[in-house]
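Structure, as structure tokens:
Both ligands and their constituent atoms are indexed starting at 1 by order of listing. The model shown is predicted, which means the values in this text are computed figures rather than measured ones.
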Amino acid sequence: MATPRTVAIDGPAGAGKSTIGALVAERLGYLFLDTGAMYRAVALAARRGGVDPDDAAELGRIAREVRIAIGPPTVRDGRPYTVLLDGGDVTWAIRSADVDRIVSQVARIEAVRDAMVAQQRALAGRGRVVMVGRDIGTVVLPDAERKIYLTASAAERARRRGEELAARGEVRSRQELLREILRRDRLDSERKVSPLRPADDAIVVETDGLTVGQALDKVLQVVTRTEAGQTT
Ligand code: DC
């Protein structure tokens, strides 16, 4: 089996990047880093500090000063990993509707991205890492040996998000979730700095209608094969 040093997985909100990425990392015995959780932690810190999500200078300062740590789950409550913000457990707090609403705004600020990308590159330096996000294959790790662009239709992604929230007791209408997904797609792909797009050498994996197991198999095939360079 040919295993790459680094695996980059990008794609829009709700495509299954975190679920699939964590499973791929587990299979390979690699470190898993969900970079979306880092932007979410900065957004949460901004909210808690009463900072306007349009205040670029203040958000940049927060991004440089907060301590974000992502590691294996410390509580068995269904979480794929634990996220600490200045030592406090924010694993679920970063998934709240409040954070959902402002995170794309926070993530488009250059100073925030600079601070996050520096940390992400440092973490990937030793290799054996699966990193997921929006700009991993294009900006953070342009030399990653495997690049996957995981995607699904907006309707499918809204459905999955609804199920995920329902499992945690939060009921939201499918229409509202679809609107949110489309809004975040737009903000993530139209921003000036590091917009969401597949890297030229990424392999696109569509997951509509696939179970988690099927999507995982598809991604593992791409990750472990010797030659990359085609759409699946
Ligand atoms: O993957 P997610 O939904 O948890 O990401 C949260 C937000 O962070 C999303 O709006 C896009 C942004 N993000 C980004 O700009 N770059 C990344 N590498 C990861 C996430």
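- Between atom 9 (C) of ligand 1 and the options Arg113, Arg40, Arg134, the minimum heavy-atom separation is to Arg134.
- Asp10 places a side-chain N or O within 3.5 Å of a backbone atom of Asp135 that can act as its donor or acceptor partner.
- Heavy atoms of other residues, nucleotides or ligands lying less than 6.0 angstrom from CD of Glu110 number 12 at most.
- A donor-acceptor pair shorter than 3.5 Å can be found between the side chains of Thr82 and Arg79.
- For the pair Glu164 and Arg160, the salt-bridge criterion is not met [side-chain N within less than 4.0 Å of a carboxylate O].
- The residue Arg108 has no part lying near ligand 1, judged by heavy-atom distances below 4.0 Å.
- Although no hydrogens or angles enter the test, the distance criterion places no donor-acceptor pair under 3.5 Å between the side chain of Arg168 and the main chain of Glu170.
- For the residue pair Thr91/Asp89, the side-chain donor-acceptor check at 3.5 Å is satisfied.
- Checked by distance only, ligand 1 and Tyr39 stay at 3.5 Å or farther apart across all their nitrogen or oxygen atoms.
- Salt bridge Glu206/Lys218: absent, no basic N to carboxylate O contact under 4.0 Å.
- Residue contact check: Arg184 has heavy atoms under 4.0 Å from atoms 2 (P), 3 (O), 5 (O), 6 (C), 9 (C), 10 (O) of ligand 1.
- The Asp188 neighbourhood of ligand 1 comprises atoms 9 (C), 10 (O), 11 (C), with distances under 4.0 Å to a heavy atom of that residue.
- Within the structure, ligand 1 has Arg95 among the residues with a heavy atom less than 4.0 angstrom away.
- The distance criterion of under 3.5 Å between nitrogen or oxygen atoms is not met by Asp34 with respect to ligand 1.
- Nearest protein neighbour of atom 12 (C) of ligand 1, counting heavy atoms only, is Ala107 CB, 3.7 Å.
- The closest approach between a heavy atom of Met116 and any atom of ligand 1 is not below 4.0 Å.
- Shortest contact from atom 19 (C) of ligand 1 to any protein heavy atom: Thr35 OG1, 3.3 Å.
- Side-chain contact between Arg113 and Tyr39 is present, with at least one heavy-atom pair separated by less than 4.5 Å.
- For the pair Arg40 (side chain) and Ile94 (backbone), a donor-acceptor distance under 3.5 Å is present.
- Closest protein heavy atom to atom 20 (C) of ligand 1: Gly36 CA, 3.6 Å.
- Arg108 contributes no side-chain N or O that, together with a main-chain N or O of Leu187, makes up a donor-acceptor pair within less than 3.5 Å.
- Looking from atom 10 (O) of ligand 1 to the surrounding protein, the closest heavy atom is Ser104 OG, 2.8 Å.
- Of the protein's heavy atoms, Val103 CG2, 3.6 Å lies nearest to atom 7 (C) of ligand 1.
- Scanning all protein heavy atoms for the shortest distance to atom 18 (N) of ligand 1 gives Asp135 OD1, 2.8 Å.
- With a heavy-atom cut-off of 4.0 Å, Arg161 does not touch ligand 1 at all.
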